[in-house]
There are 2 protein chains.
Amino acid sequence: MSVPELTDVHPAWLPPEAFRAVGTRRTLVCGDGPLVRTALAEVTQACRRYGGAVRHLPAATGDVVAAAVAAGDGPSDLVLALSGTGPADGDGFLLARAAGVTLVSADDPAGLLHGLFHVVRLGASAFGADRPAEQHRSAMRRRMVNHWDNVVAHPVMGQVERGYSGGSLFWQDGTLRTDLTRVTAYARLLASCGINAVSVNNVNVHATEASLLTDRLGDVAAIAARFRPYGIRVHLSVSFAAPVTLGGLSTADPHDAQVRAWWARITARVYETIPDFGGYVVKADSEGQPGPFAYGRSHADGANVLADALAPFGGVVDWRAFVYNHHQDWRDRSTDRARAAHDHFAPLDGEFRDNVHLQVKHGPIDFQTREPVSPVFAAMPATRIAVELQVTQEYTGQQRHVCYLAPMWSEVLGFDPWDGEGPSVADVAAVGGGLVAVSNAGADRFWTGHPLAQANLYAFGRLAWSPWLDPATILDEWIDLTFVPSATADPELLRRTLHALMDHSWQTYEQYTAPLGIGFMVRPGDHYGPDVDGYEYSPWGTYHFADRDGIGVDRTQASGTGFTGQYPPGWAAAYESLDRCPDELLLFFHHVPYDHVLHSGVTVIQHIYDTHFAGVEAVAEAQQRWERLPAGLVDPALHTRVAERLDEQLRCAREWRDQINTYFFRKSGVPDACGRRIF
Amino acid sequence: MSVPELTDVHPAWLPPEAFRAVGTRRTLVCGDGPLVRTALAEVTQACRRYGGAVRHLPAATGDVVAAAVAAGDGPSDLVLALSGTGPADGDGFLLARAAGVTLVSADDPAGLLHGLFHVVRLGASAFGADRPAEQHRSAMRRRMVNHWDNVVAHPVMGQVERGYSGGSLFWQDGTLRTDLTRVTAYARLLASCGINAVSVNNVNVHATEASLLTDRLGDVAAIAARFRPYGIRVHLSVSFAAPVTLGGLSTADPHDAQVRAWWARITARVYETIPDFGGYVVKADSEGQPGPFAYGRSHADGANVLADALAPFGGVVDWRAFVYNHHQDWRDRSTDRARAAHDHFAPLDGEFRDNVHLQVKHGPIDFQTREPVSPVFAAMPATRIAVELQVTQEYTGQQRHVCYLAPMWSEVLGFDPWDGEGPSVADVAAVGGGLVAVSNAGADRFWTGHPLAQANLYAFGRLAWSPWLDPATILDEWIDLTFVPSATADPELLRRTLHALMDHSWQTYEQYTAPLGIGFMVRPGDHYGPDVDGYEYSPWGTYHFADRDGIGVDRTQASGTGFTGQYPPGWAAAYESLDRCPDELLLFFHHVPYDHVLHSGVTVIQHIYDTHFAGVEAVAEAQQRWERLPAGLVDPALHTRVAERLDEQLRCAREWRDQINTYFFRKSGVPDACGRRIF
């Protein structure tokens, strides 16, 4: 095991300097096993760079903890000890400091690794004042990223579907990359923020990608070998039609005995090759992917056949709930895509096997900048639900715009569908399948296209571990790791600048794009930039119904699609009520005239104008702040990359502002109360 | 020379049956040379099939004509005689019938071939009553089709840019097709309707295609060898930057001596290889193509350097006038794309060499269903202008919709910019570079995707020969050649059906798409189907400016962009006047409220509703008519293909109707006076 040192690739939040506090000290590593050796390698490399020392006692376990602490100013500043007191029931760790020794102990080797990275995050402060024993536990057992990577570049979607960070980290030109050093570096980044599962191919499973399950399983094994030392299990997106397309059967009917046998046999082979394989991710009966509907079976039937095949090996199925009619007729106002996941899945509650995670997008539509939280989270108490977020910025600026998403995710995770009478979204994920997100990382030298988008990947991992963490605190962690150690000139100026650029960037993005929760005013296909009517007459079920008098989708039970009724009573009533519906979701739930007065006191049309002017001003200010940053505070290449993207963000934000304002001015005829220029 | 007989390819308007009248008779061919031998081969093949006879007197010329006619009921029913009385000054022919002999004589061998095809068109009636000598002359010396074919399939545009008929007839997968039999068949079809020039690659010249001028010239020669027997010269689209990209020079400046020398040398090489090479087609400074602007030179400078290189060999430059700013800011209402060609080129009148044809699109924008005729045709009396039409149905239904375009072209050709004080558009083309069109033919088994779209290619050739021909008469010619000989059951029913489907299909298409000359409400990129705002906020300069009160582009001199002032006084005044502007172009020239009353007596908004309902009804009726056609009247495969396309046309027309009506109802708030359903 050696820690990769890449040249020409930005180190993200694990630059060598982040390890200075550990690397300058004396560390004792107690215990053995692959993950312990990974921790040892990390410390060893840090010490080699910064002059510290490391000792390894492979056999030491149990009360070495007490002994080490009791040793006082003994030979170690840091003790990393596998306590080994019993079977691991979590990958948390204990952190304490007394008598000059900082102790990290863990039952599970993965916990030891997490503890080490926690010490790295703390930096010098891990070695300051005494601290009483703190128990660190992950809120979610499973913290997963999905890669929508294609092995063969798709003619329209490219190598990575909705990828804005160059090519795939795994695949290139139809084959596995020959040099996987960067996969190890990626594993290290993921593990350091708490991620412990990764799926390595697109949920839209094309022909070549389907064969990863069979002929190309060796490729998956090679990737798994890179993730394993960091405690990350590899999952695979599979096609529900695989028994037909790969197995040569005449059906993929989940009730068919041959189909069940095929999945069992194939899955056993997977585990022979990859004993710690995580499981399958499935997008079925969705946007053209095959599924159980073709055989008149339910999604529970479909998921369970895979679950049964995986169960003997401890694997899980992530079965996506993103099922809706994507051939909708725009003329048909009775069909409401927002209802689809609940309509399809809520009736199936209790029918899924225990090792099925029903993977539900956080909003009822599709990762828009502002959506209500999906009602499915309150509707399936007898189902293990995984909450799906989108780290890749498909609808939030595609990593050309700064959009720090942790505040959105915090809102989602903290949402309380039952008004205190039931679990929060974070609780649902914690008892269910955890948190899952579409990754934003690729072969780009900054990993994420926009360097500041690294913070989203980091924050996702941290929120999956601790959903109650404050987004600004997470941002500080990320800034400290990524920038501060090298920013000797004026680290506080840099920190202030980054907070100014990022803290409210989600709200800023919301301001200059689609207003008040209406969503989907993006260019069809690529989803970048404005096109107000782009989806208005499409089959995708995403409409705004703007006319000369008003805008919005009536989703009430009283007069609309009835979607509000999918929520528990409190929220159902709140969303149903024009008076109580939150401003930011008004147009998601109600069709209102342009002169409807918001709780904020302004009319809908004036709100549209005001927010669009304000959003552009905020971007212009961010751009100027970044320009004013003194040279030397950050890597010049990174500074240039961010500056270029801010230029594009400003251009694009102006385009949004002018198109949205012009569109609604032309339609409503209402002039801006402030007399600003609308074209 | 042998006439190709293709299986699995529809014979278009030259089925064997079309040659029955000739093939059952006795023909004497007098004269010699390649084109005479082509005529001989055509007659020979027909006689072989139908039992007639053919004699060839290679040396017979001059008064063989009189002798043959004088011979009375001699051995020949048809005499095709090269008169050879002097240098050919046109490719026309003389047709007469007396004493049982039909005589075709021509000075030019191409005329003889045209005469033979004319006899084929006449069929049995060529051998009926006596007819006094008729002189047939082409109105245009040059009758050309442009192919927008790529050698290497373009990632977005495919093998044929704006091609709706399968692959290219010439190119496949990056190379020349190995079997060029079909190119010969195509040459025969083109020659039979009068076309005598063809360019074989896209005007957007990509890297591989650029090298057709140099490394791949052999491919062009191979194609030329297929067209030559039918009297068709081959032209090449070239890149203005070729001296740099192919020649390795540091500049393509037309004033640079090395550049001039390079073009001269390269052109000489082309003529060594292809002695009857036609010349170059150039799209310069247009939509990203390189041009003289980069060197501060005018388009006359640019065109003349190529013209000088071609002049010694009799070649011509077709220099396209399609030059405009395609990075326009939609916010900028002072820039008017309609003005661009006139603004750029009119000041250069008289500066172009005689062997430059300035190729001008028929309308000022881009092949929309309804545009005014370009004012350039009246603005450059000292320039040889070629009138460019678009046979490929980019904006008129993409060969999925029936849209017989001859009526549009007739209107264009008959347009009289000077109100009788100057030449018509047909006159301008006749004294200039003739008529040019983008071809609609491809490797599809029916040549044109939609079998009925064959009529457009046929009609283009016929109008280039005789611009005053009635479109319905041309359609009859095409029906007689294509269908009637084989439709023994009820040819008149078939004829009536085809006229019902096609005669007014252009107006029908106009009815259900963009109204009143406003244009460009198509889906961006592919240009198929409706997207009312698709180009409204784009850089392409094609806007409708619809708001809640009205719609249209003010192009008047009084208050608009001043485009009307580019016309001679009569039309300038007519278009300028809201009262005199023709209804069908109202929104092209004026921005009016929805309640503006048209000359037809209805308001603009009601006209929009009425025409959209009527257009769909016309398509539905056409579909039913076709369905009712008794089996056996046409080839079943052709019937099926047309039926499928009519289904799609009806679906798409409904989509147009509903989107357009809904869009304008939402915007205007005006209900349909007839209470029909608007969504």
Side-chain angles (χ1 to χ4, degrees), chain A residues 153-158 327-335 521-526 529-539 543-552 591 593-594 605 651-652 654-671 676-679, chain B residues 153-158 327-335 521-526 529-539 543-552 591 593-594 605 651-652 654-671 676-679:
Chain A
H154 186 273
V156 176
M157 293 298 177
H327 295 298
Q328 191 174 330
D329 189 331
W330 60 268
R331 301 164 187 83
D332 163 25
R333 292 222 187 179
S334 65
T335 302
M521 290 181 168
V522 292
R523 211 157 52 204
D526 75 355
D531 187 345
V532 180
D533 274 1
Y535 278 95
E536 192 57 15
Y537 303 95
S538 80
Y543 314 117
H544 54 63
F545 301 128
D547 61 21
R548 74 199 315 259
D549 302 315
I551 179 176
H591 187 94
Y594 292 114
I605 187 72
R651 183 205 66 73
C652 188
R654 285 180 174 140
E655 199 59 40
W656 271 102
R657 176 195 64 193
D658 292 340
Q659 287 199 30
I660 294 278
N661 285 349
T662 298
Y663 181 97
F664 286 105
F665 174 64
R666 286 191 188 177
K667 220 154 198 167
S668 72
V670 180
R676 289 162 295 195
R677 184 156 195 205
I678 295 176
F679 294 88
Chain B
H154 186 273
V156 176
M157 294 298 177
H327 295 299
Q328 190 174 330
D329 189 332
W330 60 268
R331 301 164 186 84
D332 163 25
R333 292 223 186 177
S334 65
T335 303
M521 291 182 167
V522 291
R523 211 157 52 204
D526 74 354
D531 187 346
V532 181
D533 273 3
Y535 278 95
E536 191 58 15
Y537 303 95
S538 81
Y543 314 116
H544 55 63
F545 301 128
D547 61 21
R548 73 198 317 260
D549 302 316
I551 178 175
H591 187 95
Y594 292 115
I605 187 72
R651 184 206 65 75
C652 189
R654 286 182 174 139
E655 198 59 40
W656 271 101
R657 176 195 65 193
D658 291 340
Q659 288 199 29
I660 294 279
N661 285 349
T662 299
Y663 180 97
F664 286 105
F665 174 63
R666 285 191 189 178
K667 220 153 198 168
S668 71
V670 180
R676 290 161 294 195
R677 185 157 193 203
I678 295 176
F679 293 89

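All values below were derived from every heavy atom in this structure, side-chain atoms included, with hydrogens, water molecules and symmetry-related copies excluded. To find a chain, count down the sequence lines: A is the first, B the second, and so on, and within it residues start at 1.
Looking at heavy atoms from C-beta onward, A/Tyr537 lies out of side-chain contact with B/Val532 at the 4.5 angstrom threshold. Residues B/Glu536 and A/Tyr663 form no side-chain contact, since every pair of their non-hydrogen atoms from C-beta on lies 4.5 Å or further apart.
The part of A/Arg333 that comes within reach of chain B is its side chain, from C-beta onward, which places non-hydrogen atoms under 4.5 angstrom from that chain. The parts of A/Thr662 that come within reach of chain B are both its backbone and its side chain, each placing non-hydrogen atoms under 4.5 angstrom from that chain.
Closest of all the heavy-atom pairs between B/Asp658 and A/Arg331 is OD2-NE, 2.5 Å. Across all their heavy atoms, B/Lys667 and A/Arg548 have their closest contact at O-NE, 2.9 Å.
Of the listed residues B/Gly534, B/Ala546, B/Pro155, the one with more heavy-atom pairs under 4.5 angstrom with chain A than any other is B/Ala546. For the set B/Asp531, B/Val156, B/Asp547, the count of heavy-atom pairs under 4.5 angstrom toward chain A peaks at B/Asp547.
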